[in-house]
2 protein chains.
Amino acid sequence: MSDTRRKLIDGAIQTLRTRGITGTSARSIAAAAGVNQALVFYHFDSVDQLVDAACREGTAELVAEYRARFLAVTSLRELLALGRDLSVAERQSGNVAVLAQVLAGAQQDPRLAGAARFALALWTTEVEGVLRRIMAGSPVSELADPAGFAPAIAASFIGIELYGGVDPDAAASALDTLQALSVLAELLDDLGPVARRALRARLRRTGRGADFS
Amino acid sequence: MSDTRRKLIDGAIQTLRTRGITGTSARSIAAAAGVNQALVFYHFDSVDQLVDAACREGTAELVAEYRARFLAVTSLRELLALGRDLSVAERQSGNVAVLAQVLAGAQQDPRLAGAARFALALWTTEVEGVLRRIMAGSPVSELADPAGFAPAIAASFIGIELYGGVDPDAAASALDTLQALSVLAELLDDLGPVARRALRARLRRTGRGADFS
DNA sequence: GTCTATAGAGGGATAGAC
DNA sequence: GTCTATCCCTCTATAGAC
């Protein structure tokens with residue numbers, strides 16, 4: 001893969017981070033990459049396609065970096081702690097912010113939507129794998145399945161990331177709260193069969209899944 | 001308040017919804033509002049300030065519309081059900097999407113950051129009031145306080161809203177999952193003193209609040 | 001592959017007539 | 001308060017020299 005192509009991808013990531021989706025243009029990316037503006041079109045045909053590639057490749061690399069840590073997780077609390085570490089560490093490098101910006105742009109742009117869907121799927125798959133492992137045999141699985149739980153966690157972290165851009169204190173306490181609540185899962189495991197029975201009784205009374213209103 | 005001013009606010013909201021923060025300009029807003037482009041600057045001085053006003057006023061009106069329903073909530077599950085209703089209803093009118101767009105733009109723009117902070121505070125205050133009411137006396141308050149819980153809920157819903165723009169199915173099951181998990185709070189209330197004792201024992205073992213790693 | 005130069009569209013903002 | 005006309009900027013994208 002050519003050196004210039006790499007520079008442009010990195011330039012796009014940096015520009016999305018520092019100037020947002022509204023400030024991301026062929027000119028601003030090229031300036032950040034230290035290359036000529038016309039090369040954006042030579043290598044990627046359009047700005048959209050460069051942003052698309054940057055989002056996909058940037059996320060793929062980041063997820064790969066964290067894979068070992070995901071594999072080491074053995075509880076919901078550890079998973080959320082990893083999420084918080086990731087959120088703090090990536091506030092510096094800004095890779096999570098990039099996904100948030102692309103996701104915002106994706107609401108009206110089909111090409112960016114594809115990139116955002118791809119990036120979200122990478123994170124969600126990783127989280128889902130962890131959940132599948134740590135929820136096995138836990139009473140928590142009476143309530144939620146990993147396939148629905150994983151996007152909920154991914155979405156929450158992205159929302160908190162955006163929140164952090166305008167109110168860091170509130171975002172920090174939101175992160176703390178999520179982690180504190182994960183103690184509920186451990187409590188359920190502590191209580192074991194007692195909890196499971198109580199849970200089943202309550203679910204019978206309210207009706208599972210469909211109608212919660 | 002002048003008729004044109006109102007049209008411009010509505011036009012800005014509609015433009016943010018249908019074209020996103022990247023497609024929102026004085027020209028596009030004026031077209032949506034059916035007024036002359038120069039009037040944006042006569043009434044609001046700049047596009048930024050119009051978007052700022054649209055975000056603040058639009059959110060204030062929406063929160064006011066839902067206030068009665070917030071007041072009627074008596075459990076965490078009902079609160080999340082209201083959130084889901086709101087999320088579904090506003091996907092049509094698009095008012096939540098507007099906040100998401102402004103929030104994305106706010107990451108790099110101090111003026112928009114003020115508007116986003118204001119809008120988020122409106123929602124969070126409402127949610128916090130409900131939590132303060134329904135968490136009173138519940139064992140859940142051993143784990144989380146309303147001031148940290150409220151932004152976590154607000155952020156999660158915004159994240160899910162954005163997720164829904166690229167993957168509606170995943171977003172729907174994320175909403176379902178959050179609601180299913182709220183049954184844990186009810187279980188805790190069912191178990192009463194037993195749960196509270198078990199919770200305290202576990203918190204003593206792990207250490208409260210600070211270090212969850 | 002990389003550069004300069006530029007066409008052509010759209011954007012923010014203002015001046016000045018009405 | 002509202003309109004037209006316009007300035008000047010930035011943007012995407014391409015043509016063509018090197």
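Each chain gets a letter, A, B and so on, in the order its sequence line appears, and its residues count up from 1. Since the structure is predicted, the reported quantities are computational estimates derived from the model, not experimental observations.
Taking CZ of B:F149 as the reference point, atom OG1 of B:T124 lies at 13.0 Å (rounded to 0.5 Å). Atom CZ of A:R117 is separated from atom CG of A:L103 by 11.0 Å, given to the nearest 0.5 angstrom. In this structure, A:L178 CG and A:R77 CZ are separated by 14.0 Å, a value rounded to the nearest 0.5 Å.
What separates CZ of B:F44 from C1' of C:dG12 is a distance of 16 Å, to the nearest Å. In this structure, B:F41 places its CZ atom 17 Å from P of D:dC8, rounding to the nearest Å. Nucleotide C:dG12 holds its P atom 13 Å from the CG atom of B:L8, rounded to whole Å. One atom, CD1 of B:I29, and another, C1' of C:dG10, lie 15 Å apart when rounded to the nearest Å. Rounded to whole angstrom, the span from the CG atom of B:L50 across to the P atom of C:dG12 amounts to 10 Å. Rounded to whole Å, the distance from CG on A:D3 to C1' on C:dG1 is 12 Å. In this entry the distance linking CZ of B:R27 with P of D:dA5 reads 13 Å, nearest Å. When the C1' atom of D:dA15 is taken as reference, atom CG of A:L39 falls 15 Å away, rounded to whole Å.
Here the side chain of B:Q37 pairs no donor or acceptor atom with the backbone of B:R27 at under 3.5 angstrom. No donor-acceptor pair closer than 3.5 Å links the side chain of A:E90 to the backbone N or O of A:L86.
Place A:R19 and A:Y42 on DNA chain D by their nearest nucleotides, and A:R19 ends up nearer the 5' end. Of the two residues near DNA chain D, A:Q37 and B:N36, the one whose nearest nucleotide lies more 5' is B:N36.
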Taking N or O atoms only and anything under 3.5 Å, show me the protein contacts with nucleotides 16-18 of chain C, one pair per line.
none

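The two residues B:R133 and B:V73 make their nearest non-hydrogen contact at NH1-O, 2.7 Å.
By the 6.0 Å contact criterion, CZ on A:R19 is open, its count of non-hydrogen atoms from other residues, nucleotides or ligands being 12 or less.
Between B:T4 and D:dT2 there is a side-chain polar atom (N or O) within less than 4.0 angstrom of OP1 or OP2.
Base contact: B:A38 has a heavy atom under 4.0 Å from a base atom. Counting non-hydrogen atoms under 4.0 angstrom, A:V47 reaches the backbone sugars and phosphates but no base.
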